Protein chains: 2
Amino acid sequence: MNEQNLDLVFGALSDATRRGMLAQLSQGEANITALAAPYDMSQPAISKHLRVLERAGLIERIKRGREHYIKANAGPAEQAGGWITYYAQFWRQQFDAVEAYLQEHAEKKTPEGKV
Amino acid sequence: MNEQNLDLVFGALSDATRRGMLAQLSQGEANITALAAPYDMSQPAISKHLRVLERAGLIERIKRGREHYIKANAGPAEQAGGWITYYAQFWRQQFDAVEAYLQEHAEKKTPEGKV
DNA sequence: TTCATTCATAACCAAATGGTTATATATTTA
DNA sequence: TAAATATATAACCATTTGGTTATGAATGAA
């Protein structure tokens, strides 16, 4: 997964409506009408959100007659999650190291360990 | 972490420059000049990117004299990563279930298991 | 065949985003 | 004190984003 794909995936995840759709898809595939139901939004708006998710590779479309079924694709999300997990490890490590240092040098905000 | 915070975190992560800064911060805190160095971009543009990261809670600012040191904050990233991990589990599960079903019913693209 | 349903596309709009240049502020150095 | 450095802010601009209404195309049902 290159940088531009990460842009698309994180960008797609940065909207509550789209995350809601993905959450709904965790229950299994759904057609577009069903996906749209929870939102007070025009049908073309829904269509646009789905296109964003599709461009990011987070969903796939399967046409069955006049209905389009949507299913979520784990791969790109896992990649994006991997990016976070990898770096968060280092950030967490540094934070904990500073905490430990402060602990050792008793530079606590509540001295003597009392409240 | 509420929906709006997730918007901010994923939105902040959806730009390669900002991800690059966070990657750099995995090596430890840095001042803004150092963070800006790899990018062919004006100083105010860098300043804006940092503000986006800050609003998302992904970084913190520590002023030491005229220099502002930046350090990454693991918490919000971990939360966002948790969102992905949680749902990706279901999406992956469904995908694998379909794969297994197709396997069992021998509806493979390469019949008889041969190429 | 005709009507209803499902979905996509075009055209438009306001607001947000990501960049710029110019300028200001605070701090350090000479 | 004067100059240099580090950073922020204001004002501006083009593009993208997230919504709308209007319309069209494909499919299914009556």
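Since we're looking at a predicted model, the values are computed, not measured. Just so we're on the same page: letters track the sequence lines, and every chain starts at 1.
Residue B:Ser42 places no side-chain N or O under 4.0 Å from the OP1 or OP2 atom of C:dG19.
Shown for residues 55-70 of chain B: residues whose heavy atoms fall under 4.0 angstrom of DNA chain D, namely B:Arg61, B:Arg66, B:Glu67, B:His68. Contact check of residues 11-34 of chain B against DNA chain D (heavy atom, cut-off under 4.0 Å) returns B:Asn31, B:Ile32, B:Thr33.
A donor-acceptor contact shorter than 3.5 Å links the side chain of B:Arg19 to the backbone of A:Glu3. Side-chain atoms of B:Glu60 never come within 3.5 Å of backbone atoms of B:Ala72 as a donor-acceptor pair (strictly under, hydrogens ignored).
When distances run from any side-chain atom of A:Pro44 to the nucleotides D:dA8, D:dG18, C:dA10, the shortest one goes to C:dA10. The side chain of B:Ser47 has D:dA8 as its nearest neighbour among D:dG19, C:dG19, D:dA8.
The distance from atom OH of A:Tyr39 to atom P of D:dG18 is 14 Å, rounded to the nearest whole Å. One interatomic measurement links the two molecules: CG of A:Leu50 to P of D:dG19, which rounds to 12 Å at whole-angstrom precision. The CD1-P distance, from A:Ile46 to D:dG18, rounds to 13 Å in whole Å. D:dT17 atom C1' lies 18 Å from atom CZ of B:Phe10, rounded to whole Å. When the P atom of C:dG18 is taken as reference, atom CG of B:Asp40 falls 17 Å away, rounded to whole Å. Rounding to whole angstrom units, CE of residue B:Met41 and P of D:dT7 are separated by 16 Å. Rounded to an integer number of Å, the gap from A:Asp7 CG to D:dT15 C1' is 15 Å.
Aromatic ring orientation, B:Phe10 versus A:Phe10: parallel (interplanar angle below 30°, classes split at 30° and 60°). Between B:Trp91 and B:Tyr87, the two ring planes are parallel [angle under 30°; tilted spans 30° to 60°].
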Which pairs would a plain distance check flag for residues 40-49 of chain A, meaning a side-chain donor or acceptor within less than 3.5 Å of a matching protein atom at least two apart in sequence or in another chain?
from: A:Ser42; atom 1: OG; to: A:Ala45; atom 2: N; distance (Å): 3.3
from: A:His49; atom 1: ND1; to: A:Arg18; atom 2: NH1; distance (Å): 3.1

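Shown here is A:Arg51, whose CZ atom has no more than 12 heavy atoms of other residues, nucleotides or ligands within 6.0 Å.
In this structure, A:Tyr86 is a member of the same hydrophobic cluster as B:Leu13, with clusters built from ILVMFWY side-chain heavy atoms closer than 4.5 Å.
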Go through the steps to decide whether B:Tyr69 and B:Ile32 satisfy the test side chain to side chain contact (heavy atoms under 4.5 Å, CB included), and finish with yes or no. CA-CA 7 Å; B:Tyr69 280 81; B:Ile32 296 185; over 6 Å; no
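A 4.5 Å side-chain heavy-atom check between A:Asn5 and A:Gln79 finds every atom pair outside the cut-off.
If you find the closest nucleotide of DNA chain C to A:Lys48 and to B:His49, the one lying nearer the 5' end belongs to A:Lys48.
Residue A:Gln43 places a side-chain atom within donor-acceptor reach of the base of C:dA8, judged by atom type and a 3.5 Å distance cut-off alone.
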